[in-house]
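Everything quoted here is computed from the prediction, not taken from an experiment.
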Amino acid sequence: MAGLAKTLTVGQAIGLAITTVVGSGLLVLPGIAYQQVGGAAVYAWLLNALLVVPLLVIFAYLGANFPSAGGVAGFVQAAFSRPIAAATEALLLGTFLMGGPAIAVTGGNYFAAAVGGGRLSMLFASLAIISFAGYVNYQGVKISGRVQQFLAFSLVGLLATAAIATLVFGNRNVGTGIVPLSQLSATFPVLATLFFAFTGFEMLSFTSEEYRNPKRDFPVAVGVSFIIVVVLYIAIALAVQLTLSPNDTSLTTAPIVAMLTSIFGKTSGQVVGLIGVAMIATNLIGGSWASSRLVFASAREGLLPQWLSQIEPRSQIPRVAVAWTMFAFAIATILNFLGILPLSLLFGLAGQGFFAVNALSVIAYLKLTRKWWQRLVGGFTLILVIAIMGTFNWGLVFVLGLMLLGFMGNKVRQNSVVSSRAK
């Protein structure tokens, strides 16, 4: 089977992880949490950081020991069988098809807000973001990794500076401050909501086949990027709840804009809008990288047409998969513009799909590990993920429907292969 070039470095992977995780959620969730639970909001961010650690341990182990361009689907195949892996691939493909366009449309909305444009400008900006992400990934790991590394640390540095400036120069008499630790239970209503801000690390698993030394580098990339993301989240959360009123009308739409406006004035809103576009564009680079690798791996395994697994011999880049991935994102974005796929539906289905993917990863981990402490970590994490999935309601139809489609598609392909050999 054709393999991908092993050129991804630790620094590039850290940049990719940061830009994949830090996205539109950071631009809005700090305000929502603060509005709902007041001075206890920062504790909710800390608790979520602790809750996500077991998942990261699992992804780090699986990525280091079972590197695959199929990411979670590759882990599932190593643990169980090809039919179950095909079901996982179908779930991931559908999830990415919802999530990628949702990211692009969010970026388009921020651009339209920054320049004062309407829905048409939103559409063109969304398609431009998709084109940019596709172009960067089309150039391969070396170029994409460098772009991700540069943009990741630039944006993190910019947002961290904004948070520090707000904490230093902002008016702390406006916010509610931090409540005593004894009021920790007040965070419970927003824990599930903030958990979405930590999703994205699972996408790093799709890059594991491209590391020079995955057993050493993959866990390091996951660990370092997690620490950077958590520090950034806490800094922003503190700046919001210490310097803004819980009654501020901007909390649920643009808390960072409100945070900077309190120091730099109204013109900072446009600057933050453009920063949001840049952040979301880099976010989509990571998401589309993972998506294209999944398309490549699924085609290589036979679930998708074989021609999607083509690799250019010289560059070892799956450019066909990249191009078709971005084309699918563009189609879904146009459907959103036409009102067929609302943004809320795109985000909702994508979020539910990723939670289901987390559950499958944990199940694979439990099958592939033998040590008692690994089983303990896996069991605790599975209970956590299943508890959150219990809120999906009809969204489970989306998850189970995609998995059934993948399972049946693999079965049809197997029967076709058997029939052709019999002839």
Side-chain angles (χ1 to χ4, degrees), residues 16 19-28 92-140 143-144 147-148 150-152 154-155 200 203 206 253-254 270-296 304 308 317-351 353-354:
L16 176 64
T19 54
T20 300
V21 176
V22 178
S24 54
L26 181 60
L27 300 178
V28 106
L92 283 163
L93 288 167
T95 299
F96 280 132
L97 186 58
M98 299 294 106
I103 295 171
V105 171
T106 301
N109 285 333
Y110 263 86
F111 177 82
V115 303
R119 280 187 54 76
L120 197 58
S121 64
M122 178 278 292
L123 174 63
F124 285 124
S126 301
L127 294 176
I129 290 171
I130 290 173
S131 299
F132 172 70
Y135 173 78
V136 171
N137 282 316
Y138 195 81
Q139 301 307 310
I143 301 299
S144 181
V147 171
Q148 290 288 88
F150 170 75
L151 290 175
S154 297
L155 290 173
M203 287 198 224
F206 294 92
T253 55
Q270 289 182 318
V271 175
V272 171
L274 294 176
I275 290 174
V277 174
M279 180 189 302
I280 289 166
T282 57
N283 195 221
L284 187 61
I285 293 175
S288 57
W289 184 343
S291 303
S292 64
R293 269 43 179 185
L294 173 64
V295 169
F296 162 78
L304 294 178
L308 285 170
I317 300 170
R319 285 178 169 164
V320 175
V322 171
W324 279 94
T325 297
M326 308 320 292
F327 177 73
F329 284 1
I331 294 298
T333 299
I334 293 172
L335 292 176
N336 166 267
F337 176 76
L338 296 174
I340 299 172
L341 288 176
L343 186 59
S344 58
L345 180 64
L346 290 173
F347 268 124
L349 293 179
F354 278 124

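Rounding to the nearest 0.5 angstrom, the gap separating the CG atom in Leu284 from the OG1 atom in Thr106 is 10.5 Å. Note that CG of Leu349 and CG of Leu341 are 9.0 Å apart. Values are rounded to the nearest 0.5 Å. Separation of atoms OG (Ser292) and CZ (Phe96) is listed at 9.0 Å; rounding is to 0.5 Å. Put simply, CG on Asn109 and OG on Ser126 are 6.5 Å apart, with the number rounded to the nearest 0.5 Å. Distance check: Ile280 CD1 to Ile285 CD1 gives 12.5 Å after rounding to the nearest 0.5 Å. For the atom pair Phe329 CZ and Met98 CE, the distance stands at 10.0 Å (nearest 0.5 Å).
Between Leu346 and Ala102, the closest heavy-atom pair is CB-CB, 3.8 Å. When all heavy atoms of Arg119 and Asn336 are compared, the closest pair comes out as NH2-O, 3.7 Å. Across Thr95 and Gly353, no two heavy atoms sit closer than the pair OG1-CA, 3.4 Å. Listed here is the closest heavy atom pair of Val295 and Ala321: CG1-CB, 3.9 Å. Closest approach of Ala104 to Ile129, counting heavy atoms only: O-CD1, 4.0 Å. Across every non-hydrogen atom of Ala332 and Pro101, the tightest pair is CB-CG, 3.4 Å.
Side-chain contact between Phe337 and Thr333 is absent, with no heavy atoms from C-beta onward closer than 4.5 Å. Side-chain contact check for Ser131 versus Met326: every heavy-atom pair is 4.5 Å or farther apart. Contact annotation: the side chain of Asn137 never approaches that of Thr325 to less than 4.5 Å [non-hydrogen atoms, C-beta and beyond].
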